[in-house]
Amino acid sequence: MASGGEQAFLSTEIVNRGVESSGPDAGSPTFVVRVRRRLPDFLQSVNLKYVKLGYHYLISHGIYLATIPVLVVVFSAEVGSLSREELWRKVWEEASYDLATVLAFFAVLVFTISVYFMSRPRPIYLIDFACYRPSDELKVSKEEFIELARATGKFDDDSLSFQRRILKASGIGDETYVPRCIFSAAGNCATMKEGRAETAAVMFGALDELFEKCRVRPKDVGVLVVNCSLFNPTPSLSAMIVNHYKMRGNILSYNLGGMGCSAGIIAVDLARDMLQANGNSYAVVVSTEAVSFTWYAGRNRSMLIPNCFFRMGCSAVLLSNRRRDFRRAKYRLEHIVRTHKGSDDRSFRSVYQEEDECRIKGLAISRDLMEVGGHALKTNITTLGPLVLPFSEQLLFFATLLYRQLFPATTADSSAGAANDHPSSNHSGVSSKPYIPNYRLAFDHLCVHAASKSVLDELEKNLCLKETDMEASRSTLHRFGNTSSSSIWYELAYLEAKARVRRGDRVWQLAFGSGFKCNSAVWRAVRRVKKPARNPWTDCVDRYPATPAQRN
């Protein structure tokens, strides 16, 4: 039996299994009660230290906000009390100047302005990006996926039936892409040869398109960051790219491994830091995953889940710190907020690569994943809120939070009453439910990592979003599946293919990953983004958004 605390994270569902085809109950309808873990209602409890962290980011230059208005008011009051004639007489007739004073004044002025501009962080521009679209011969429907898996002879009937049920409820469509090597009946598909072939195809395909679209030579790139969680050969994937494109010898290249589906934002963060330290440079960020190394051919159900979701994909992004690139850039990077819950054991083991009892390697998905993800998301958005929310939303949110901190006993009593469905127990007459900021006021577009249908549904409910806010994520999941760290870029490509990004629009990219991590990136469109000529959605965007019947 689950404890009272655990029951809050469980939901039940009665599923019709249809008519039994054989056995003693043949011809009778059968049902099963399915118990699922859901995201915690994380917006009902806010950790104050993460709010303080967000406000620390916001007022890191608070001295300017505090002193400049005061100086302006004092100066205005002083000058405003003088007539034009009096002001002219004080400046030119009564004041006495010497050359040393004038030179000293201008020296201090120039020095101050120089320090200000030199200390300002360089703006980071996103020139363009590309998402790889595999060839149609790698396309596989859900039914074909099961039949190909059956033909390998590596799965028993129970394992195939389990994968069929997961696929049916996954939100994935019938046009996703997988490497054919995973359906090989002979031996292990996760070989170095197959891994190199798969990653080379997707990475070079995305980079070829990126360099062509941006009209940038590979030798012009000063920083290269590649992330792939499970496939990490020697030489590295970043070295493969340097070798293939014959990049320059002093390039700053980095290869990130084992960081899960949120590694795309981590890679952008690293590229930003490198661009801040190296002026007049381009940075390329490549995000992908080797599906052949996520494939599991055993019977452990927690390890069979990744088989049903992960699909081929890759993104390549070109960043620049050159101010003259403002005119041709699409977006400017505003914020990156990273959250890591690895100190908690349950979070650390929620997505864990290991061997099963038969020593077959796989990626185990814990039942605690939804709960763990909810707590990581709560921390991340609480930190992000002060950076992006309108002042009115921050004021209401902070006032209710302050009330809960000043009167903890009152709010605790009222919360207990609400838990027992007795609202009258709130003796203060004030609701203990905190004000939930409307994050839709802070962003124009959302790109939430397309992990699964259940995750997207829970996020929509907990963040009080509309179905249109999740359209890019659901469409990406249906058309391309879970492409790991590159999925948020397929979602942005969807928004561009729909010609929805206008000048000044804010885009929120939100991704989750093993560890457990939750990361956010906020971009501002510096111009209206026209519908691109080359896009992975070019020939299918008109079919989306898919109807609920089509998604199921």
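Quantities reported herein were computed from a predicted structural model and do not represent experimental measurements.
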Q. Mind checking whether F443 and W523 have ring centres under 6.0 Å apart?
A. no

Q: Examine distances only and state if a side-chain atom of S487 and a backbone atom of S484 form a donor-acceptor pair shorter than 3.5 Å.
A: yes

Q: Please name the pair of heavy atoms, one in R311 and one in G481, separated by the smallest distance, quoted to 0.1 Å.
A: CG-CA, 4.0 Å

Q) Between R506 and D444, is the closest basic N to carboxylate O distance under 4.0 Å? A) no

Q: Let me know which of Y132, F129, F480, Y177 forms a ring pair (Phe, Tyr, Trp, His ring centres under 6.0 Å) with Y490.
A: F480

Q: Please test E198 against S292 for side-chain hydrogen bond (donor to acceptor under 3.5 Å, both in side chains), starting from the C-alpha separation and ending with a verdict.
A: CA-CA 8 Å; E198 179 186 346; S292 55; 2.8 Å; yes

**Q.** Worked check of side-chain hydrogen bond (donor to acceptor under 3.5 Å, both in side chains) between S486 and T483
**A.** CA-CA 6 Å; S486 64; T483 61; 3.0 Å; yes

Q. Under 3.5 Å, side chain of S170 to main-chain N/O of I172, donor-acceptor pair present?
A. yes

Q) Would E175 and R543 pass as an ion pair if we require N to O under 4.0 Å? A) yes

Q: Please answer whether the main-chain N or O of V448 pairs with a side-chain N or O of Q509 as donor and acceptor at a distance below 3.5 Å.
A: no

Q: Return yes if a side-chain donor-acceptor contact under 3.5 Å exists between K139 and T176, otherwise no.
A: no

Q. Where the side chain of E289 meets the backbone of S229, is there a donor-acceptor pair that is under 3.5 Å apart?
A. yes

Q. Any idea which heavy atoms bring I360 and G298 closest together, and the distance?
A. CD1-CA, 4.1 Å

Q) D128 side chain to C214 main-chain N or O, any donor-acceptor pair under 3.5 Å? A) no

(Q) Check this for me: does any side-chain nitrogen of one of R272 and D269 sit under 4.0 Å from a carboxylate oxygen of the other? (A) yes

Q. Is E460 salt-bridged to K466, cutoff N-O under 4.0 Å?
A. no

Q: Return the minimal non-hydrogen interatomic distance between A130 and K213, and the atom names on each side.
A: CA-NZ, 4.4 Å

Q.
Quick test of your reading of the model: are R500 and E471 salt-bridged, counting only N-O distances below 4.0 Å?
A. yes

Q. Is the backbone of S281 close enough, under 3.5 Å, to the side chain of N321 for a donor and an acceptor to pair up by distance?
A. yes

Q: Please tell me if the side chains of L463 and I381 come closer than 4.5 Å, counting only heavy atoms from C-beta onward.
A: yes

Q. So do I241 and L207 actually touch side chain to side chain, heavy atoms under 4.5 Å?
A. yes

Q: Report yes if some heavy atom in the side chain of I266 is under 4.5 Å from a heavy atom in the side chain of L256; otherwise report no.
A: yes

**Q.** Between W489 and Y331, ring centroids under 6.0 Å
**A.** no

Q. With sequence neighbours left out, which residue pairs that include part of residues 522-531 fulfil the salt bridge (charged side-chain N to carboxylate O under 4.0 Å, His left out) condition?
A. E334-R524

Q. Any side-chain heavy-atom pair from T294 and L230 closer than 4.5 angstrom?
A. yes

Q.
Would you say Y494 and N535 are linked by a side-chain donor-acceptor pair, where the criterion is simply a distance under 3.5 Å?
A. no

Q: Give a yes or no answer on whether the side chain of D273 reaches the backbone of L270 with a donor-acceptor pair at less than 3.5 Å.
A: no

Q: For T199 and G195, indicate whether the former's side chain and the latter's backbone hold a donor-acceptor pair under 3.5 Å.
A: yes

(Q) Would R164 pass as a cation-pi partner of F155, given that its NZ or CZ must be under 6.0 Å from the six-membered ring centre and within 45 degrees of the axis? (A) no

(Q) I'd like to know if R180 pairs up with E144 as an ion pair, taking the criterion as any Lys NZ or Arg NE/NH1/NH2 lying under 4.0 Å from an Asp or Glu carboxylate oxygen. (A) yes

Q. Is the backbone N or O of N300 less than 3.5 Å from a side-chain atom of D356, with the two atoms forming a donor-acceptor pair by type?
A. no

Q. Is the Y544-W537 ring centre distance short of 6.0 angstrom?
A. yes

Q: Taking the side chain as every heavy atom from C-beta outward, state whether R440 and D469 have any atom pair closer than 4.5 Å.
A: yes

Q.
Taking R328 first and then D325, would you say they form a salt bridge - that is, a charged N and a carboxylate O separated by under 4.0 Å?
A. yes

Q.
I'd like to know if the side chain of K517 reaches the main chain of S514, judged simply by a donor and an acceptor atom lying under 3.5 Å from each other, with no hydrogens or angles considered.
A. yes

**Q.** Check ion pair D345-R349 (N to O, under 4.0 angstrom)
**A.** no

Q. Are side-chain N/O atoms of N227 and S485 paired as donor and acceptor at under 3.5 Å?
A. yes

(Q) My understanding is that only one of R534, R479, R133 makes a salt bridge (Lys or Arg N to Asp or Glu O under 4.0 Å) with D539; could you say which? (A) R133

(Q) Which heavy atom of A521 sits nearest to which heavy atom of I265, and what is that distance? (A) N-CD1, 3.9 Å

